[in-house]
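Chain A is the first sequence line, chain B the second, and so forth, proteins listed ahead of strands; every chain is numbered from 1.
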Protein chains: 2
Amino acid sequence: MIVDARQSGESARDYAYRILKENIISTELKPGSLVSENETAAKLGLSRTPVREAIYDLAKVSIIETIPQKGSYVALIDPKMVEEARFLRKVLDVAVIRLACQETPPEILEAMEDNIDLQEFYLSKSNAEKIYELDNEFHRLIYVAAHKEIICELKSNMLIHFDRVRSLSVETVRDMKIVADHSGMLAAIKEHDEEKAAALVEKHLSRYHFDEELIRGQFPEYFK
Amino acid sequence: MIVDARQSGESARDYAYRILKENIISTELKPGSLVSENETAAKLGLSRTPVREAIYDLAKVSIIETIPQKGSYVALIDPKMVEEARFLRKVLDVAVIRLACQETPPEILEAMEDNIDLQEFYLSKSNAEKIYELDNEFHRLIYVAAHKEIICELKSNMLIHFDRVRSLSVETVRDMKIVADHSGMLAAIKEHDEEKAAALVEKHLSRYHFDEELIRGQFPEYFK
DNA sequence: CTAGTAGTACTTGTCTACAAGTTCATTAAA
DNA sequence: TTTAATGAACTTGTAGACAAGTACTACTAG
């Protein structure tokens, strides 16, 4: 497990959650592997309690399976679960961008513009990790514009299933297109064009296609 | 706080979660009131650990607010949060019933029929509580038909905001209509009529209108 | 009488110990 | 050799103690 330092102001629970989530998405913690509360606590320099709470959070969206008195395991990749995550994202993203088209405060529009500028900057630097972060933040801004922050939070937990298979896919020229998609979405929001925005979101999400057969061929032992 | 007995097979955490949720929805635990981990643990005959976990779950959907070293409080009724819950329910219910219209296994259709029969039975007995349970179960069956069980679970957590204001509203002749709505939905699913089903869901949800001004007038101190 | 301070009684955050169950390897008996 | 029993080493579930911070009360000094 890759453990980077605890950020200042981060509670033990949040720290454990962040590290576990990162390691599950990157499959540094392999699907099916045991995540012991004690072992994790030792690695993070914490006690069991906050680690346990973080594991429980992850278990709530079925990305970790806890069997009483036996152990907590990173869930195998379950195409049904990936589909649930994809579905949730699509349905909510479309519904929320429609709201954002109706009204988005100028300061959010500015934040979106700044975000896209940064995306283009890191695109020129080929910094995929930064683009990933900015991508998430851009979509979160749409939820903020629609006053749906809690829903955004719920969605992001479920998205772990999605992000994990995404991290297993070899993607090359995708970043350029997604930055362009974001520009299009911002334009649609400014123009109050719901239909255009909704169509863009659908197209955008289709870029994160999950080629199950390909990944299953490469990592058959990761699948349910 | 009203505490009924722990069900067999129910973990301490689930028990604490269930009791807290019921008391928050019924406003037996009043908005703004303190929910002490120690006090709750004592009342339920548990230790702090499972109670703490339950409180944390509720805090994740902002129905409880925990202030470090100060206390955990039942959230005041926040119209924004009620709206987020209503929005989540509407968007997901519509999307999911569309899927169910495409294909629903016969055993689920049977379960839906049985459920509606029971609703009609309890309607004749004027048993509102049983109808409430069957209502929830009916909608859950739609999610099962669409293979979206986890999403249903996520939704139900958020719905606490919605159910709480619902429990504050005096509703009289609503039950008859909602049972009829359910029959209509089942028919639409059988006929694979997505548009009809979606329209019915929208109409159905409009019956749970939240008359903010009325409730605010009655319980101003419950509001944010 | 007022202002400030110390103390008390709470709160949550974290840690540690113990209870109870599972798994697996080792050992002894058939 | 095979099989069954036993115990050790794990796991999570729960409980309770301590740390640290907040709020309020009562007392003391001016």
Side-chain angles (χ1 to χ4, degrees), chain A residues 1 3 5-21 23-24 29-76 221, chain B residues 1 3 5-21 23-24 29-76 221:
Chain A
M1 189 163 72
V3 177
R6 183 168 170 183
Q7 294 170 3
S8 71
E10 189 176 42
S11 75
R13 176 201 287 157
D14 292 343
Y15 175 49
Y17 181 84
R18 180 171 61 85
I19 298 299
L20 284 172
K21 178 178 173 178
N23 279 278
I24 289 174
L29 280 174
K30 293 186 174 51
S33 64
L34 175 70
V35 183
S36 159
E37 293 176 3
N38 267 318
E39 190 188 344
T40 307
K43 279 183 184 163
L44 298 185
L46 304 170
S47 77
R48 268 183 66 209
T49 305
V51 171
R52 176 179 169 74
E53 290 168 344
I55 287 178
Y56 179 55
D57 276 359
L58 294 162
K60 284 200 82 170
V61 290
S62 302
I63 192 70
I64 281 185
E65 183 186 15
T66 296
I67 301 170
Q69 273 75 44
K70 190 168 180 292
S72 294
Y73 300 87
V74 178
L76 292 171
E221 73 279 14
Chain B
M1 189 164 71
V3 177
R6 181 166 171 186
Q7 294 171 2
S8 71
E10 190 176 41
S11 75
R13 176 201 287 158
D14 291 344
Y15 176 49
Y17 181 83
R18 180 171 62 84
I19 298 298
L20 285 172
K21 178 178 172 178
N23 279 277
I24 289 174
L29 281 175
K30 294 186 172 53
S33 65
L34 175 69
V35 183
S36 158
E37 292 177 3
N38 267 319
E39 190 187 344
T40 307
K43 280 183 184 163
L44 298 184
L46 303 170
S47 76
R48 267 184 67 209
T49 306
V51 170
R52 175 178 169 75
E53 289 168 344
I55 288 177
Y56 179 55
D57 275 0
L58 294 162
K60 284 200 81 169
V61 291
S62 302
I63 193 69
I64 281 186
E65 184 187 14
T66 296
I67 302 169
Q69 272 74 42
K70 190 165 180 293
S72 294
Y73 300 87
V74 178
L76 292 172
E221 73 278 15

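Residues A:Val51 and A:Ala41 come closest through the heavy atom pair CG2-CA, 3.7 Å. Here the closest heavy-atom approach between residue A:Val3 and residue A:Tyr15 is recorded as CG1-OH, 3.4 Å.
Listed nucleotides D:dT14, D:dT12, D:dA17 differ in distance to B:Arg48; the shortest reach to its side chain belongs to D:dA17. Nearest nucleotide to the B:Glu37 side chain, out of D:dT12, C:dG13, D:dT14: C:dG13. The side chain of A:Asn38 sits closest to D:dT11 out of D:dT11, D:dT14, C:dT11.
A sub-4.0 Å separation between OP1 or OP2 of C:dT14 and a side-chain N or O of A:Ser47 is absent. Between B:Thr49 and D:dG16 there is no side-chain N or O to OP1 or OP2 distance below 4.0 Å. Residue A:Arg52 places at least one side-chain N or O closer than 4.0 Å to OP1 or OP2 of D:dG13.
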Decide salt bridge (Lys or Arg N to Asp or Glu O under 4.0 Å) for B:Lys30 and B:Glu221; before the verdict, give the C-alpha distance in whole Å, the side-chain angles of both, and the deciding distance to 0.1 Å. CA-CA 10 Å; B:Lys30 294 186 172 53; B:Glu221 73 278 15; over 6 Å; no
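Residues B:Pro68 and B:Ala12 each lie close to DNA chain D; by heavy-atom proximity, the contact nearer the 5' end of the strand is made by B:Ala12. Two residues, A:Lys70 and B:Ile55, neighbour DNA chain C, and the one matched to the more 5' nucleotide by heavy-atom proximity is B:Ile55. Between B:Ser36 and A:Glu53, the one whose closest nucleotide on DNA chain C sits nearer the 5' end is B:Ser36.
Across the protein-nucleic acid pair, A:Tyr56 atom OH and D:dT12 atom C1' stand 14 Å apart, rounded to whole Å. Atom pair B:Ile67:CD1 and D:dT22:C1' shows a separation of 10 Å (rounding to whole Å applied). Remark: C1' of C:dT14 and CG of A:Asp14 are 14 Å apart, rounded to the nearest angstrom. For the pair A:Tyr15 OH and C:dT14 C1', the computed distance is 16 Å after rounding to whole Å.
Taking 3.5 Å as the limit, the base of C:dT12 and the side chain of B:Gln69 contain a donor-acceptor pair of atoms between them.
Within the 4.0 angstrom heavy-atom criterion, no nucleotide atom of any strand lies near B:Val51.
Using a 4.5 Å cut-off on side-chain heavy atoms (C-beta onward), B:Leu46 and B:Arg6 make contact.
Taking a cutoff of 4.0 Å between a charged side-chain nitrogen and a carboxylate oxygen, A:Asp57 and A:Arg13 do not qualify as a salt bridge.
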